[in-house]
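These notes concern the structure reproduced below.
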Protein chains: 2
Amino acid sequence: MTDAEYMNIWMRPERPARGPKPAYSRAQITEAAVRIADAEGLEAATMRRIAAEIGAGAMSLYRYVPSRDDLVDLVADRLMAEIDLEGIPSGDWRADLTRYAEGVRAMWLRHPWIATVHRSRTSFGPNQLLLIERLMGVLDAFVSIDENLSLMAILNGYVEGAAREEVSRAEELRRSGLSESEWMARSGPRIHQLLESGEYPIFRKIVMEARQPHLSRDDQFRYGLERVLDCIAAALPSTAEPPVAAHREGQQDRDD
Amino acid sequence: MTDAEYMNIWMRPERPARGPKPAYSRAQITEAAVRIADAEGLEAATMRRIAAEIGAGAMSLYRYVPSRDDLVDLVADRLMAEIDLEGIPSGDWRADLTRYAEGVRAMWLRHPWIATVHRSRTSFGPNQLLLIERLMGVLDAFVSIDENLSLMAILNGYVEGAAREEVSRAEELRRSGLSESEWMARSGPRIHQLLESGEYPIFRKIVMEARQPHLSRDDQFRYGLERVLDCIAAALPSTAEPPVAAHREGQQDRDD
DNA sequence: CATAACCGCGTACAACGTACCCAGTGGAGG
DNA sequence: CCTCCACTGGGTACGTTGTACGCGGTTATG
């Protein structure tokens, strides 16, 4: 009855009124968890391991955080803070959304284990809220809130999906403890078997393309992103045209 | 050294050559796991619980599956089989992609816990491969494989992102064991505090809209989906126009 | 029919999150 | 100043998890 009344970590005050000074802090614990997760994956960031990292006893963490799940909430929100939103919205919606998208992707690549934290654990943190506020602010002047939500769902879906895709391979390698070449050697037989079966002609095309990619991963991401932004542009009123045509420099219109 | 040479579950044969007839099967175990996950979430589908469900001893499962993670691979692939791909590709790409998207979303809503299984655990299963083959086949005649991958990344990102969003609330409620009204009562103070602070004007708009939604969730999804399909249409050569204009019946062109 | 390869599964263990308890500490009230 | 008690860090212990190991029984193959 004393703890259950707090819905989530954001409602619970960090520091109480009286008593001795705490030796650690939520921020410090969160930082340690991120450090361990970066090095060995989120599943390695156990309560004991995190406590050891900051030189505390395992149970001491529970003075700062009610459960490991809540700690993961803190970690997830901490990651959101890495996305640079300085000056967004700037008035140039296309530049803003591009910067946002690349910022999110870069953060995912720095912390691939974010793929293993669930969306429901991400809500209502201060950095998460700030991000929503800034991102939704980009198109707020041009479209209704429904429209805005719909468009940002497309953008976020693309960005997160692409990041997930890129990151899943890396995570699989890390978990299995294999190197890229070892993994290829192990998967070779299966892939070969699939290709030889002749049942998967398109899968064959994908594998061939993957062996000799036309574009770097960065460029693949940017290419798809431009498409999504074109899609958003088509949904905007003409008043939303950016002041100067200084973007889309590296990318020209598609024509097969 | 005897097991480690198999990269994943799909390379390992289910049944060996000699010995007594197995009493169970991978399919049966997988089905039991899905049943438990549907009822109580994936985290409730422990090895002991699954074994009990089919009337086996806990360790018996390891005769069929090398680890729980591999069992989750089987489960993930089993879910893919629920997506109806009959007659896809049909020649009408827009109808095909619409049916695919709604099939994926429906599957997510039936099995919300799919949000907790990671992408890297999903690769190379037979149903997964069939799905790739069929889905990529829809636009294969019209665009290059790179272009196709790029467009499907946008579509899949939208579909999966939207499904994740819808499902996360439901999962949070289930995990906390609260009813919708209890949850609202618990979260009320936090949301109220955020709204009152005045720092989050757009978040306020979102909350207001969520209280009185203009569109049902189904319609919200379809609305965004139509946008994504329009985006794809713009990337296709004119030869890809569908034979008849019998779709998009409930949706008319956007004009603000 | 002997044998080796398989079966189901009971026991056991390490690692996890965390409940509970304790002794020590330091600001508030006298 | 002292006293008090809400707080602190953290050791011990428990229930649950995945799963290694080994047993005794079963069956296709030689």
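Naming: A, B, ... by sequence-line order, numbering from 1 per chain.
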Worksheet, complete the sentence: A:Asp69 atom CG is separated from C:dT18 atom C1', nearest whole Å, by 12 Å
Worksheet item: Would the number of heavy atoms belonging to other residues, nucleotides or ligands and lying under 6.0 Å from CZ of A:Arg99 be above 12?
Response: yes
Item to complete: Ignoring the backbone of B:Ala23, work out which of D:dT8, C:dG8, C:dT18 is nearest its side chain.
Response: C:dG8
Worksheet item: For residues 42-64 of chain A, which residue pairs qualify under salt bridge (charged side-chain N to carboxylate O under 4.0 Å, His left out), counting only residues two or more places apart or in two chains?
Response: A:Arg35-A:Glu53, A:Glu40-A:Arg49, A:Glu43-A:Arg174, A:Arg49-A:Glu53
Worksheet item: When rounded to the nearest 0.5 angstrom, what distance separates CD1 in A:Ile29 from CZ in A:Arg78?
Response: 14.5 Å
Practice prompt. Give the ring-plane orientation class for B:Phe203 versus A:Phe124, where under 30° counts as parallel, over 60° as perpendicular and anything between as tilted.
Written response: perpendicular
Discussion item. Can you tell me how the ring of B:Tyr24 sits relative to the ring of B:Tyr64, calling it parallel under 30°, perpendicular over 60° and tilted otherwise?
Written reply: perpendicular
Item to complete: Write down the distance between OH (A:Tyr64) and C1' (C:dT18), rounded to a whole number of angstrom.
Response: 17 Å
Item to complete: Give the rounded distance in Å between these two atoms: CG of A:Leu61 and P of D:dG9.
Response: 10 Å
Worksheet item: Between the side chain of A:Gln220 and the main-chain N/O of B:Ser150, is any donor-acceptor distance below 3.5 Å?
Response: no
Worksheet entry | Interatomic distance, A:Leu42 atom CG to A:Ile114 atom CD1 [nearest 0.5 angstrom] | 10.0 Å
Discussion item. Taking any heavy-atom pair under 4.0 Å as a contact, classify B:Ala51: base, sugar-phosphate, or nothing.
Written reply: nothing
Discussion item. What does the B/S/- profile of nucleotides 25-30 of chain D look like, 5' to 3', with a 4.0 Å heavy-atom cutoff to protein?
Written reply: BBSSS-
Worksheet item: Where each residue is assigned the nucleotide of DNA chain C containing its nearest heavy atom, which of A:Ala58 and B:Ala58 is assigned the position nearer the 5′ end?
Response: B:Ala58
Response to the item:
The nucleotide from C:dT11, D:dG9, D:dG11 with an atom nearest the side chain of A:Met59 is D:dG11
Discussion item. Going by side chain to side chain contact (heavy atoms under 4.5 Å, CB included), name the residues that satisfy it together with B:Leu130, two or more places apart in sequence or in a different chain.
Written reply: B:Arg134
Worksheet entry | Point-to-point distance, once rounded to the nearest 0.5 Å, from CG of A:Asn148 to CD1 of B:Ile202 | 7.0 Å
Discussion item. With a cut-off of less than 4.0 Å, is there a side-chain N or O of A:Ser60 near OP1 or OP2 of D:dG9?
Written reply: no
Practice prompt. Sorted by first residue and then second, give each side-chain hydrogen bond (donor to acceptor under 3.5 Å, both in side chains) pair with at least one member in residues 191-204 of chain A; sequence neighbours left out.
Written response: none
Fill in: Euclidean distance, atom CZ of residue A:Arg63 to atom P of D:dG11 [Å, nearest integer]
13 Å
Item to complete: Return no unless some side-chain N or O of A:Tyr24 is found under 4.0 Å from OP1 or OP2 of D:dG10.
Response: yes
Discussion item. Please report the interatomic distance CD(A:Glu165) to CG(B:Leu149), rounded to the nearest 0.5 Å.
Written reply: 9.0 Å
Are any protein N/O atoms closer than 3.5 Å to N/O atoms in nucleotides 14-17 of chain C? If there are, list each pair with its distance.
residue: C:dG17; atom: OP1; partner: A:Arg68; partner atom: NE; Å: 2.9
residue: C:dG17; atom: OP2; partner: A:Met47; partner atom: N; Å: 3.0
residue: C:dG17; atom: N7; partner: A:Arg48; partner atom: NH2; Å: 2.6
residue: C:dG17; atom: O6; partner: A:Arg48; partner atom: NH2; Å: 2.9

Discussion item. Just to be sure I understand the geometry, which residues of residues 25-41 of chain A put a non-hydrogen atom under 4.0 Å away from DNA chain C?
Written reply: none
